[in-house]
Protein chains: 2
Amino acid sequence: MSLATDSADKPTLYKRIRADIEKRILTGEWPPGHRIPFEHELVARYGCSRMTVNKALSELAQADLIERRRRAGSFVRRPQHQSAVLKIADIRAEITALGRSYGYELIGRKLRAATAADRARLGVKKAGKVIAIACRHSADNVPFAVEDRLIDLSSVPSAATADFSREPPGSWLLHHVPWTEAEHTISAIVADDRTAEALDIAIGAPCLVIDRYTWRSARTITAVRLLYPGDSHRLVARFKGG
Amino acid sequence: MSLATDSADKPTLYKRIRADIEKRILTGEWPPGHRIPFEHELVARYGCSRMTVNKALSELAQADLIERRRRAGSFVRRPQHQSAVLKIADIRAEITALGRSYGYELIGRKLRAATAADRARLGVKKAGKVIAIACRHSADNVPFAVEDRLIDLSSVPSAATADFSREPPGSWLLHHVPWTEAEHTISAIVADDRTAEALDIAIGAPCLVIDRYTWRSARTITAVRLLYPGDSHRLVARFKGG
DNA sequence: TACGATTATATGTCTAGACATATAAGTCAA
DNA sequence: TTGACTTATATGTCTAGACATATAATCGTA
């Protein structure tokens with residue numbers, strides 16, 4: 001909701017330019033790598049001075065949405081600059097970054113009309129189709145995490161035809177769907193028999209639970225629950241603040 | 001290290017102005033709430049046009065380091081705008097925000113020359129004095145978290161005379177010491193007998209463990225371990241991303 | 001073909017003005 | 001004392017220029 005509506009009030013010109021460009025990036029109309037119009041082109045389009053256009057583009061650059069290169073132009077950045085906590089969104093990247101071999105195993109995949117429970121979990125009211133996915137990640141052939149995910153197909157129709165038997169859904173989504181907001185809920189449980197079996201740990205051993213919800217604008221994209229062995233896994237988040 | 005050294009190269013004027021102000025804020029010379037010089041004063045001091053000063057201040061505002069108010073001036077922001085994960089840094093604020101009554105109990109406080117273990121925990125080589133603090137937080141008289149903290153007195157000398165019997169050290173630090181970086185490590189354990197006793201939970205119940213290290217520039221400020229009952233507590237982190 | 005020098009161009013920074021606008025502070029009346 | 005009105009002022013936005021600088025593209029040469 002934060003940058004939702006500058007509704008009704010008259011935004012200044014440079015803010016309008018910035019919002020116009022931001023919108024095209026977030027909707028995917030201008031994908032990562034796309035060259036956005038030169039300053040002089042925007043000057044012509046909006047009928048203003050170059051400083052006004054420059055201010056809009058500078059703010060987008062400061063927000064890491066675009067990258068500016070002298071003589072070449074300004075380009076939409078790849079969404080790889082998330083906060084540290086979100087980097088763990090891509091478990092494969094996390095494991096390979098540690099120099100360990102990544103293993104992935106699809107346990108189950110079901111395409112179905114959303115049940116009441118599905119709608120509650122995704123936080124949506126309208127019915128629609130969803131994909132439910134269960135899978136397991138491993139590092140050096142040791143179970144690393146089990147994943148239980150729901151994807152809202154009305155937000156991400158292309159997920160219906162994606163091949164999740166080879167690519168983990170988290171990686172697929174990260175590379176195909178731009179997100180704008182995510183919420184993590186972290187808690188701890190002790191392993192029940194099924195969890196213990198899946199993670200190859202003892203019943204009663206501590207587990208870290210991460211529930212993540214991801215939105216694009218106001219639309220829910222996916223809800224996922226990740227279970228990690230709590231004593232062997234550490235979740236590291238590093239911040240810069242003021 | 002990120003914005004550490006623009007060493008040797010010649011930074012542009014607006015960057016120098018921005019860096020000058022940033023430095024005074026981070027060193028605490030200009031504390032939260034302090035009014036920084038008006039644009040026209042900075043124009044006089046640096047001998048440049050107002051637009052140059054304005055660019056420096058606008059970027060500081062976009063980075064949430066200062067707040068600008070028409071007619072009033074520009075003010076150093078309180079460090080309350082951290083990422084969601086860091087908001088839980090202040091347990092008191094977290095509890096009162098939920099409308100529950102906050103309780104605090106100092107269990108122990110020791111001022112000592114740093115032992116080898118202390119130095120390892122803080123990640124410093126040089127010896128010096130430290131304060132070790134143990135305390136417990138509660139919500140509506142139910143144990144909420146136990147805290148085990150080490151403060152490096154060479155970084156925060158004023159902590160030696162702070163009264164931690166009434167104010168929790170986390171709140172005190174948050175309000176007295178500006179930080180620039182923090183690292184969280186989150187894991188899960190099962191409660192041993194001492195932990196179970198302190199949190200009033202069963203032995204073997206799941207606990208969430210948060211280890212946090214905080215730095216100002218390259219100096220370690222504090223290291224803290226927080227233990228939460230894992231089934232009743234949830235750590236929520238919300239982000240906006242690209 | 002490969003490499004080095006030249007050129008064109010988009011961004012980076014800066015100026016000396018201008019008018020708009022929100023609001024702190026002061027003024028005056030009820 | 002309180003509330004309404006006025007005023008002064010700091011920031012917000014914008015312009016039409018300028019020169020600096022990094023670099024993609026081109027051209028020329030070995």
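Order of the sequence lines fixes the chain letters, A, B, ..., with proteins taken first and strands second; residue numbering starts at 1 for each chain.
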Novice: Counting side-chain heavy atoms from CB outward, which of D/dA10, C/dT11, D/dA22 is closest to A/Glu39?
Specialist: C/dT11

Novice: Between C/dC14, D/dC14, D/dA8, which nucleotide has the shortest distance from any of its atoms to the side chain of B/Arg71?
Specialist: D/dA8

Novice: So what does A/Leu57 hit on the nucleic acid, given a heavy-atom distance under 4.0 Å: a base, only sugar-phosphate, or nothing?
Specialist: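 Counting heavy atoms under 4.0 Å across all strands, no contact is made by A/Leu57.
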
Novice: Side chain of A/Thr52 only, heavy atoms from C-beta on: which candidate in C/dG12, C/dA24, D/dT15 is closest?
Specialist: D/dT15

Novice: Given C/dT11, C/dT13, D/dA24, which nucleotide is nearest the side-chain atoms of A/Arg70?
Specialist: C/dT11

Novice: Do the charged groups of B/Glu147 and B/Arg212 touch, with an N to O distance under 4.0 Å?
Specialist: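 Salt bridge: no.
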
Novice: Starting from the 5' end of DNA chain D, give me the residue, A/Ala72 or A/Gly47, whose nearest nucleotide shows up first.
Specialist: A/Gly47

Novice: With a 4.0 Å cut-off on N to O distance, would you call B/Arg121 and B/Asp148 a salt bridge?
Specialist: yes

Novice: With nearest nucleotides of DNA chain D determined for B/Met51 and B/Arg69 from heavy-atom distances, which residue corresponds to the more 5′ nucleotide?
Specialist: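 The residue whose closest nucleotide sits nearer the 5' end is B/Arg69.
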
Novice: Looking only at side-chain N and O atoms, does B/Lys55 come under 4.0 Å of OP1 or OP2 in C/dC14?
Specialist: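 No, no such contact exists.
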
Novice: Check B/Arg77 with B/Glu67, please: is the shortest side-chain N to carboxylate O separation under 4.0 Å?
Specialist: no

Novice: What is the distance, rounded to the nearest whole Å, between atom CZ of B/Arg68 and atom C1' of D/dG12?
Specialist: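 The answer, rounded to whole Å, is 8 Å.
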
Novice: Has A/Ser74 got a side-chain N or O lying under 4.0 Å from the OP1 or OP2 atom of C/dA10?
Specialist: no

Novice: Angle between ring planes, A/Phe144 versus A/Tyr228, binned at 30° and 60°: parallel, tilted or perpendicular?
Specialist: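 Aromatic pair A/Phe144/A/Tyr228 classed perpendicular.
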
Novice: What integer distance in Å separates B/Arg50:CZ from C/dC19:P?
Specialist: 14 Å

Novice: Can you tell me the distance, in whole Å, between the CG atom of B/Leu13 and the C1' atom of D/dC19?
Specialist: 15 Å

Novice: Which of these nucleotides, C/dT13, C/dT23, D/dT13, is closest to any side-chain atom of A/Asn54?
Specialist: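 The closest nucleotide is C/dT13.
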
Novice: Could you state the atom-to-atom distance from CG of A/Leu42 to P of D/dT15 in whole Å?
Specialist: 13 Å

Novice: Out of C/dT23, D/dT15, D/dT11, which nucleotide sits closest to the side chain of B/Phe38?
Specialist: D/dT11

Novice: Specify the separation, in whole Å, of atom CD of B/Glu67 and atom P of D/dA10.
Specialist: 18 Å

Novice: Between C/dT13, D/dT13, C/dA16, which nucleotide gets closest to the side-chain atoms of B/Ser49?
Specialist: C/dA16

Novice: So, is B/Lys15 close to the C/dT13 phosphate, meaning a side-chain N or O under 4.0 Å from OP1 or OP2?
Specialist: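 Yes, B/Lys15 has a side-chain N/O under 4.0 Å of OP1/OP2 on C/dT13.
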
Novice: What is the separation between atom CD1 on A/Ile66 and atom P on C/dA10, rounded to the nearest whole Å?
Specialist: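 After rounding, the gap between these two atoms is 16 Å.
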
Novice: For residues A/Leu150 and A/Thr222, report the shortest heavy-atom separation together with the two atoms involved.
Specialist: O-OG1, 2.8 Å

Novice: Does a side-chain N-to-carboxylate-O contact under 4.0 Å join A/Glu59 and A/Lys15?
Specialist: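 The answer is no: the pair does not qualify as a salt bridge.
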
Novice: Round to the nearest Å and state the distance from B/Arg16 atom CZ to C/dC14 atom C1'.
Specialist: 14 Å

Novice: Rounded to the nearest Å, what distance is computed from the CD atom of residue A/Glu59 to the C1' atom of nucleotide C/dG12?
Specialist: 16 Å

